[in-house]
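Quick notes on the structure that follows.
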Amino acid sequence: MTPVLSPNTRAILLLTAPLIAGRGSASSDLLSPGEYNRLARHLRKIQRQPADLLSPDAAEILRACQPVIAESRLQKLLGRGFLLSQVVERWRARAIWVVSRADAEYPRRLKARLREDAPAVLYGCGDMALLETGGLAVVGSRRVDDALIDYTMAVGRLAARAGRTLVSGGAKGIDQAAMRGALEAGGKVCGVLADSLEKTAMNREHRNLLLDGQLVLISPYDPSARFNVGHAMQRNKLIYALADASLVVSSDLNKGGTWAGAVEQLDKLKFVPVFVRTTGESSAGLDGLRKKGALPWPNPQVVDSFEDVFKVAMSKPMASPQVGFALSSNEEPTSAEANPTVPERCDAAPAPQDKSEPSAPVDAVSAARLTVEASEELPPVTPEPSAPIDNAKESEQAESTPAEALFTAVREVILQLLSAPMKVTEVAATLEVSNAQAKVWLQRLVDEGVLEKKKSAGYVVKQKRLFE
């Protein structure tokens, strides 16, 4: 795919992307994902799209957006046209493409499953068609022994022999082992990176694989972005959203990105079945995931038994936590989106995937039934109230203030993030809140005794909690 930007994508990049060129630094005025979503909804409301912010009558549109984002802030961001042209030339030289949610080429699986949580901009290198082929997501820890590396490479090789795409995160350890196993066996691989897309794509080992259509690398973060704990946590949902089934090879208990991503999938998103390794040395983390509903990996050794994994499907999968958000103005949520269920065995197996043809997404809102329009963006819909569970819980909910309810929801997210130390500004950026709000929440958790504040490193979960 050529790195020619659509008018909408140009506008979205100017508003949200750091546009890192060389040693340059990102603008501090960038719109956060939440701010951009609000702006996109407002533009839809006034029957405009992002590209109109760069049109001759942009001044009038910017004034109309003043209730959502300050006009002066939008003008400053949209005035970065020269910087954008420099960065685009850099990307073009490295065969890096860019698509936005406003583009018809944007991966349908991500938009259908993640809705507003789908990244506004996606950077990539390689054959974009691989992003629509589904396959097996394999995730796990960075620090593992040689036995687990060999085991994971074998899983990757089996996926390749079965003609199934391997989806993983590109991190050291399990991720890279799974991808390497599949690639060495001639399979197709999707790597969802949290950082360093440009550096990874330029790696001599990867270049021919990218050019030959065997590998695609994507990232929701600037191609020059460095590692960030929050970014690594946030990209986990993309790995699951691109797959048909998933395998967790190793995980810590109650901490780390692998644990957080699998728990989010089991408890909240429910895009695909989550399997956990059942052979070799036992793991407290994997046992913990089993208790949360993960399935035992049947340890297939041949293609036929490997294909059985894909017979276990989400019979009525959730589209995303934002049930009710339509992808375009004339679409309504399907009944399946409102009735998620646990994984169950399908009566009939899907035909093995032909290597040259992408499989249809397993969602109820699959590509076969879903037209993803190029308009931006998703209209807000008031969610239906859930039925009361019991009188005690009703009373509890009635007494809870909105602030308390919000803190309860954000508490676990913060504890997952802070398995490694983070500063107030990093937490605020990840949660898309002000530094002051993040500091209030962090101090409350310190007062509760579950976090501790280290002078130089920032906040972190107390050591005794890490190993519960």
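For R235 (side chain) and P220 (main-chain N/O), no donor-acceptor pair under 3.5 Å exists by modelled atom type. Side-chain atoms of Q265 come within 3.5 Å of backbone N or O of F271 as a donor-acceptor pair. Counting only distance, with no hydrogens or angles, the side chain of Q176 and the backbone of G170 share a donor-acceptor pair below 3.5 Å. Of the possible donor and acceptor atoms, one in the side chain of W97 sits under 3.5 Å from a partner among the backbone N and O of G126. Of the possible polar contacts, one joining the D103 side chain to the S100 backbone as a donor-acceptor pair under 3.5 Å is found. Within the 3.5 Å criterion, the main-chain N or O of A178 finds no donor-acceptor partner in the side chain of T152. Of the possible donor and acceptor atoms, none in the side chain of K111 sits under 3.5 Å from a partner among the backbone N and O of A118.
Every side chain to side chain donor-acceptor pair (under 3.5 Å) that R94 has, sequence neighbours left out, goes to E198. When the side chain to side chain contact (heavy atoms under 4.5 Å, CB included) test is applied to A11, the partners found at least two apart in sequence or on another chain are P50, L54. Contacts of E35 classified as salt bridge (charged side-chain N to carboxylate O under 4.0 Å, His left out), with partners at least two apart in sequence or in another chain: R73. Checked against side chain to side chain contact (heavy atoms under 4.5 Å, CB included), N228 has the following partners two or more places apart in sequence or in another chain: H231. For E426, the salt bridge (charged side-chain N to carboxylate O under 4.0 Å, His left out) criterion is met by no residue, not counting sequence neighbours. Contacts of E448 classified as salt bridge (charged side-chain N to carboxylate O under 4.0 Å, His left out), with partners at least two apart in sequence or in another chain: R411, R444. The side chain to side chain contact (heavy atoms under 4.5 Å, CB included) search around T200 returns L193, S196, H206, L217, not counting sequence neighbours. Every side chain to side chain contact (heavy atoms under 4.5 Å, CB included) that I414 has, sequence neighbours left out, goes to V410, L418, L431, W441, L442, L445, L451. Applying the ring-ring contact (aromatic ring centres under 6.0 Å, His included) test to W259 and every residue at least two apart in sequence or in another chain returns nothing.
Nearest approach of R277 to S283, heavy atoms of both residues: NH2-CB, 4.3 Å. Of all non-hydrogen atoms in F275 and P296, the two that sit nearest each other are CD2-O, 3.5 Å. Nearest approach of G191 to M179, heavy atoms of both residues: CA-CE, 3.7 Å. A pairwise comparison of heavy atoms in T133 and R109 identifies C-NH2, 4.3 Å as the closest pair. Across all non-hydrogen atoms, the minimal contact from G156 to L166 is CA-CD2, 4.4 Å. Shortest non-hydrogen contact noted between R207 and A201 is NH1-O, 2.9 Å.
Note that R164 lies in the cation-pi zone of F310, set by a 6.0 Å cut-off to the ring centre and a 45° limit from the axis.
Residue R226 qualifies as open at atom CZ: its count of foreign heavy atoms under 6.0 Å is 12 or below.
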Review item, side-chain donor-acceptor pairs of residues 286-293, under 3.5 Å, at least two apart:
none

Identify all side-chain donor-acceptor contacts of residues 246-253 below 3.5 Å with residues at least two apart in sequence or on another chain.
from : atom 1 : to   : atom 2 : distance (Å)
S246 : OG     : P273 : O      : 2.9
S250 : OG     : S141 : N      : 3.0
S250 : OG     : S141 : OG     : 3.2

Test log, rule side-chain contact (heavy atoms from CB on, under 4.5 Å), inputs Y151 and N299: CA-CA 10 Å; Y151 171 89; N299 203 37; 3.6 Å; yes
Criterion side-chain contact (heavy atoms from CB on, under 4.5 Å) on Q214 and V189, from CA distance to verdict: CA-CA 6 Å; Q214 196 178 342; V189 170; over 6 Å; no
L15 vs L78, test: side-chain contact (heavy atoms from CB on, under 4.5 Å). Steps then yes/no. CA-CA 6 Å; L15 294 170; L78 293 168; 3.9 Å; yes
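Using a 4.5 Å cut-off on side-chain heavy atoms (C-beta onward), L197 and Y221 make no contact. The shortest side-chain heavy-atom distance between V461 and K255 does not fall under the 4.5 Å cut-off. Residues V450 and K462 are not in side-chain contact: their nearest non-hydrogen atoms beyond the backbone lie 4.5 Å or more apart. Within the 4.5 Å cutoff, the side chain of V68 has no heavy atoms near those of the L43 side chain. Within the 4.5 Å cutoff, side-chain heavy atoms of V155 are placed close to those of L136. In this structure the side chain of D308 never reaches within 4.5 angstrom of the side chain of P300, judged on heavy atoms. Put simply, the side chain of Y459 does not reach to within 4.5 Å of the side chain of L417, judged on heavy atoms. Side-chain contact between C125 and W91: absent, with no pair of heavy atoms (C-beta onward) separated by less than 4.5 Å.
Note that CG of L130 is 10.5 Å distant from CD1 of I218, once rounded to the nearest 0.5 Å. Note that OG1 of T165 and CG of D244 are 9.0 Å apart. Values are rounded to the nearest 0.5 Å. Residue L269 holds its CG atom at 10.5 Å from CG of N236, rounded to the nearest 0.5 Å. Distance check: L39 CG to I69 CD1 gives 6.0 Å after rounding to the nearest 0.5 Å. Rounding to the nearest 0.5 Å gives a distance of 6.0 Å between CG of L242 and SG of C190. A distance of 10.0 Å separates NZ in K76 from CG in L30, rounded to the nearest 0.5 Å.
Residue pairs meeting the salt bridge (Lys or Arg N to Asp or Glu O under 4.0 Å) criterion with at least one partner in residues 135-153, sequence neighbours excluded, are absent.
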